[in-house]
Amino acid sequence: MKLAIVAALITSVGAFMAPAPSTFISRRTTSPIMATASPPAPAARKTPVFDEVCETTGVTLTRFMIEVAMLNPELSELPSLFSGIETACKAISNMVKRSQLTGDIGYAEGGGSINVQGEEQKTLDIMTNDVLKRALRFTGKLGVLASEEEDTPVDVEPTGKEVMFDETSKYVAVFDPLDGSSNVDAGIPTGTIFGIFDHDEECVVNDKDEGLTEAEMVCLTNTLKPGTDLIASGYCLYSSSCFFVMTVGCGVYGFTLDESIGEFVLTHPNIKIPETSKIYSFNEANLPQWDEPMRETVEKWRIGEGKSGNSFSSRYIGSMVGDVHRTLLYGGVFGYPSDKKNVNGKLRLLYEGAPMSYLMEQAGGLSTTGTKRVMEILPDEVHQRVPIVMGSKQDVQEVVDAYSAAGF
Ligand code: AFP
């Protein structure tokens, strides 16, 4: 069994030798937003080639990140940040798995704990937010955090003497600690989404109620960057296995937690999404409220009258990480489009839309609002929402074309 896995791994590792995918996005793209969802031309970032693979451990995420940093010296501080995220994912995976036994289920404080989105927080929302904050705080690489569960970016500079932070503060991380948490008590897959931006400015944000000072506004602005400025993004999926899927701008790599050694092991190198498919993934109850081009395209897909001629099936978990993971692997279109009531859809740009769009584009897919490339939208506020349609290139392009033909 083990041998078969290793053999498959060695074969697939050959994929590393392929040139960097043509979908690499320049971090400082300033091109105007186009009707097409296509990303701009690639810039170079090197991916490792593994000549020798240990039969017992395979290629671990730790080894992968060390090699990425050796090949790309500008990313030399990324491995320790990834190591913090990886540890948090392992801890969260255990928390989610054991929550029925430990009693960490239901709403926080017996109900009534509301986050800045106006959503009631689950016990696990708060616990996982704390785990991530603590795991990242001690990497010494992080400037500011913005999270779905925090009102404003949180300064993670440790107080006290052991501060090495000023020298090394380099990144801003945004994350959704437990996406899909409304499903968690029923054992449905959930996930953690993260995005990492460069951190140019020194800043401090204090936890207090009376709004932001000017310095804190600078800090806030620092967090608000378009997806084209992402250095890295990824997600952990807590499901039948725990997966860690990431990009640093040279393709998408998927790792599976091997609990026998406590390591994420490379199982899905250089993930490429199929160009077209037969699966759509939306909350169809909202279909009557969608923009006409969106509604008409999905109605055509249902009866096999779309561009591909395929009759589509519907698959929708209601957990973005699970739905996007399946879409990356099997192809398809996932979305939460604009509707009459929610003109910006439901998903958050900074810590859901942009990081997932980066992965989708790096896997060869597209991500659009219908009229704009999601990666190019500059956020006005931390918790801004964005309509999203992402997935297989040809199918998403069909949506973009429908919007454009309808004069949107
Ligand atoms: P929760 O984290 O509150 O469960 O929301 C999950 C989510 O943000 C995203 O993961 C899903 O794709 C989407 O919302 C589901 O929304 P609907 O329940 O409206 O379909």
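Read the numbers this way: they start at 1 and go in the same order the structure lists the ligands and their atoms. Throughout, numbering of the chain's residues begins at 1 and tracks the sequence. Below, each value reflects all heavy atoms present in this structure, side chains not excepted, and no hydrogens, waters or symmetry copies.
Close contacts between ligand 1 and N283 involve ligand atoms 17 (P), 19 (O), 20 (O) [criterion: under 4.0 Å to a heavy atom]. Counting the atoms of ligand 1 from 1 in the order shown, those under 4.0 Å from a heavy atom of K346 are 5 (O), 7 (C), 13 (C), 14 (O), 15 (C), 16 (O), 17 (P), 18 (O), 19 (O). Using a 4.0 Å cut-off to heavy atoms of S181, the atoms of ligand 1 that qualify are 1 (P), 2 (O), 4 (O). Under a 4.0 Å criterion applied to the non-hydrogen atoms of S319, ligand 1 contributes the atoms 10 (O). The contact set between ligand 1 and M320, taken as ligand atoms under 4.0 Å from a residue heavy atom, comprises 9 (C), 10 (O), 11 (C), 12 (O). The atoms of ligand 1 that sit less than 4.0 Å from any heavy atom of F334 are 12 (O). Of all atoms in ligand 1, listed by their number and element, those nearer than 4.0 Å to a heavy atom of E352 are 8 (O).
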Ring pair (Phe, Tyr, Trp, His ring centres under 6.0 Å) evaluation trace for Y316 with Y336
CA-CA 11 Å; Y316 186 69; Y336 211 108; 7.3 Å; no
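The pair R348-E381 fails the salt-bridge criterion, with no side-chain N (NZ, NE, NH1 or NH2) lying under 4.0 Å from an Asp/Glu carboxylate O. Between R45 and E74, at least one side-chain nitrogen of the basic residue sits less than 4.0 Å from a carboxylate oxygen of the acidic one, meeting the salt-bridge criterion.
Residue contacts with ligand 1: Y316 is placed with a nitrogen or oxygen under 3.5 Å of a nitrogen or oxygen of the ligand (distance criterion only).
At least one heavy atom of L347 sits closer than 4.0 Å to an atom of ligand 1.
Remark: among candidates S182, P189, G322, G180, the nearest residue to atom 2 (O) of ligand 1 is G180, based on non-hydrogen atoms.
Pairs of residues two or more places apart, or lying in two chains, that qualify as side-chain hydrogen bond (donor to acceptor under 3.5 Å, both in side chains) and include a residue from residues 81-90 are E86-K90.
Between C242 and T256, the closest side-chain pair of non-hydrogen atoms is not below 4.5 Å.
Legend: residues meeting side-chain contact (heavy atoms from CB on, under 4.5 Å) with D401, ordered by chain and number and at least two apart, are K307, Q397.
Classification of the F64-Y253 ring pair by plane angle, with boundaries at 30° and 60°, yields tilted.
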